[in-house]
Amino acid sequence: MQDVFAELQWRGLIHQTTDDEYLPRLLREKPWTVYAGFDPTADSLHVGHLMALMILRRFQRAGHRPIALAGGATGMIGDPSGKSEERKLLSPDVLQANLDGVTPQLQKFLDFDAGDRSAVLVNNYDWMGRFGYLEFLRDVGKHFPVNVMLAKDSVRSRLENAEAGLSYTEFSYMLLQAYDFVNLLDNYDCRLQVGGSDQWGNITAGIDLARRLRGVQLYGATCPLLENRFGQKMGKTEAGALWLDPEKTSPYRFYQYWINLDDEDVGKCLRFFTDLAREEIDAVSAAHQAAPEKRTAQRRLAAELTRLVHGPEGLQAAEQATDVFFGAEIHELSDDQLTAIFDDVPSRELPRSRLDGAGLDIVEALAAAGLAKSKGEARRIIGQGGAYINNRRVENPQRQLTAADLAGQSVMVLRTGKKNYALLRFL
RNA sequence: GGGGGGUUUCCCGAGCGGUCAAAGGGGCCAGACUGUAAAUCUGGUGGCAAUGCCUUCGAAGGUUCGAAUCCUUCACCCCCCA
């Protein structure tokens, strides 16, 4: 039995446990079943979910059985933990779509064909959906002292803030999650729940419930929230969350996020998110220390994580796009290659005839491509040396674009500044 | 109910009859430096057929050769007294 607890600990994935003394020891003795829940609040998981998912993955690799729980029922209610205000209920349609999006993602990170430690995927709607209200109040609600519920952080913080408020519905959330834990105990002998540090209250609620209902001792462990060196939430871009769905966050953007990581944060992320062994992480970190400008650590992290999330093809696409985005002039590429590389980049279509004769005014091209809000701005950018065609600076605002400026058969790559790209397609 | 103050360009905030497309700061954009980092520095920041023209200072009217600036009405916000 591998010592999964020690592993998690050095990786910095343990924030708090319900039993620091016995839990590590018990985990060394025999295989456990461990679960983490994921509410379908969107049609894709994001990087924030990756922490718990990686923990499940590590448990499985160490010989334990992971259960990924999709919150078909809890997602209908809305977890108040870590949220400063009441949330809108999701419509059944949206919820179902979210569930459909999230479920296959959960499957990607775990091994469902590993004998008795094969991962299990459950949906708590399967047992909660059948529960009657009266039955639930009698069987479950009766075991929750309201004063204990009121003491939970998630509840208290909302009650202290008069403007935020807390509905009875969200207040009840912890009962559902608590019951989930008991249900998984009954059906899978699951005795350990993991989650983010904001899940502490919900996890302990389940432990209490199991003690009252079944007389069984359950355990919980939380991981830290994903924060950068300034204590700000990580995994966000200007465009919003870093999604795992390639349609929502392209492999290139995903890769770039990690490449751009601050030196201070990269070591932590290597430990959190990669399967690299300790020695290898130490070696990478040492190499990075010696020559930070090479950003060995960021490159390694980006490659490992992109491969894990988007597969080898996704990684290859991201790397290829990176070469072009930060490389020299663009030439001798086909439309297909350009389209693949500049997948993220907005493109506009213009009639091919615009290139005939004198050609298309560069100022107009920049404005048409959306890189400048007005022609005035386009002229300004050119004057400042910030305009590029096919990665080659254009200094003359009178410059006319012709067919000779095409990068592929029909595509032209425009850029302003360091990395604002747009494509013009001439059809 | 009475009295006073306010609403300015993406945000904050000056301006109080012409020299105002409107100070200053923030943000944002571009450049330099650099490690696709942080910090720093420089320039820019309403639109256009551009030594000019058009639109903009809560809304609508009015005074004036001329208004963000004065007057009237309306809307919203804030403060003080009741």
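We name chains A, B, ... by the order of the sequence lines, and we start the count at 1 in each one. Just so it is clear, the values below take in all heavy atoms, side chains as well, and ignore hydrogens, waters and symmetry mates.
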Name the nucleic acid region contacted by A:Tyr255, choosing base, sugar-phosphate or nothing; use a 4.0 angstrom heavy-atom cut-off, strictly under.
nothing

Got a sec: does the CE of A:Met76 have more than 12 other heavy atoms crowding it under 6.0 Å?
no

Length of the line joining A:Glu264:CD and B:rA37:P, which is rounded to integer Å
16 Å

Determine the interatomic distance between C1' on B:rC20 and the same-named atom on B:rG66; round to the nearest Å.
13 Å

Can you tell me the distance, in whole Å, between the CG atom of A:Asn420 and the P atom of B:rG31?
9 Å

In whole angstrom, give me the gap between the C1' atoms of B:rG2 and B:rU72.
22 Å

Polar side-chain contact A:Gln384-B:rG43 base: donor and acceptor under 3.5 Å
yes

Does a donor on one side chain and an acceptor on the other come within less than 3.5 Å for A:Thr204 and A:Lys152?
yes

When you compare B:rC76 with B:rG58, how far apart are their C1' atoms, in angstrom units rounded to a whole number?
8 Å

Mind checking A:Arg380 for me? I need base, sugar-phosphate or nothing, with any heavy atom below 4.0 Å counting as a touch.
sugar-phosphate

Roughly, in whole Å, what's the span from CG in A:Asp262 to C1' in B:rU36?
13 Å

N or O in side chain of A:Lys373 less than 4.0 angstrom from B:rU45 OP1/OP2
no

Under 3.5 Å on both distances, the Watson-Crick or G-U partner of B:rC53:
B:rG47

Which part of the nucleic acid does A:Lys294 contact within heavy-atom distance under 4.0 Å: base, sugar-phosphate only, or nothing?
nothing

Among B:rG31, B:rG35, B:rC29, which nucleotide has an atom closest to any side-chain atom of A:Ile381?
B:rC29

Would one find more than 12 heavy atoms of other residues, nucleotides or ligands at under 6.0 Å from atom NZ of A:Lys108?
yes

Nearest-nucleotide pick for A:Thr416, side chain only, options being B:rA30, B:rU36, B:rA32:
B:rA30

What is the base-pairing partner of B:rG17, counting Watson-Crick and G-U wobble geometry with both distances under 3.5 Å?
none

Pairwise P distance for B:rA21 and B:rC57, with rounding to whole Å
14 Å

If you measure from the P atom in B:rA49 to the same atom in B:rA38, how many Å do you get, rounded?
36 Å

Could you tell me if A:Asp180 and A:Asn124 have a donor-acceptor pair between their side chains, going purely by distance under 3.5 Å?
yes

Between A:Asn260 and A:Ala387, just flag the one whose closest nucleotide in RNA chain B comes earlier from the 5' side.
A:Ala387

Determine the interatomic distance between C1' on B:rU69 and the same-named atom on B:rA23; round to the nearest Å.
15 Å

Separation of B:rU36 P from A:Tyr421 OH (nearest whole Å)
13 Å

Atom CZ of A:Arg300 to atom P of B:rG35: distance rounded to whole Å?
23 Å

Please state the C1' separation for the pair B:rU63 and B:rG31 - nearest whole angstrom.
50 Å

Sorted by first residue and then second, give each salt bridge (Lys or Arg N to Asp or Glu O under 4.0 Å) pair with at least one member in residues 394-409 of chain A; sequence neighbours left out.
A:Arg399-A:Asp405

Answer yes when A:Glu7 and A:Arg11 have at least one side-chain N-carboxylate O distance shorter than 4.0 Å, and no when they do not.
yes

For A:Ser374 and B:rC48, is the shortest distance between a side-chain N/O and OP1 or OP2 below 4.0 Å?
yes

Nearest-nucleotide wise, let me know which of A:Lys375 and A:Tyr388 is further upstream toward the 5' end of RNA chain B.
A:Tyr388

Nearest-angstrom distance, P atom, B:rC70 to B:rC79:
24 Å

d(CD, A:Glu395; P, B:rA30) in whole Å
16 Å

Let's test this: given Watson-Crick or G-U wobble pairing with both distances under 3.5 Å, identify the partner of B:rU63.
none

For the side chain of A:Arg379 and the backbone of A:Ile382, is there at least one donor-acceptor N/O pair under 3.5 Å apart?
no

Below the 4.0 Å mark, does B:rA37 have OP1 or OP2 next to a side-chain nitrogen or oxygen of A:Tyr257?
no

What nucleic acid atoms does A:Arg379 come within less than 4.0 Å of, heavy atoms only: base, sugar-phosphate, or nothing?
base

Only one of A:Leu305, A:Ile55, A:Leu45, A:Leu226 passes side chain to side chain contact (heavy atoms under 4.5 Å, CB included) with A:Leu50; say which it is.
A:Leu305

Side chain of A:Glu377, base of B:rU45: donor and acceptor closer than 3.5 Å?
no

Between atom NZ in A:Lys419 and atom C1' in B:rA37, what is the gap in whole Å?
9 Å

Calculate the interatomic distance between A:Ile382 atom CD1 and B:rC29 atom C1'; express it in whole Å.
14 Å

Strictly by Watson-Crick or wobble contacts shorter than 3.5 Å, is anything paired with B:rG35, and which nucleotide is it?
none

Nucleotide forming a Watson-Crick or wobble pair with B:rU42, both distances under 3.5 Å:
B:rA30

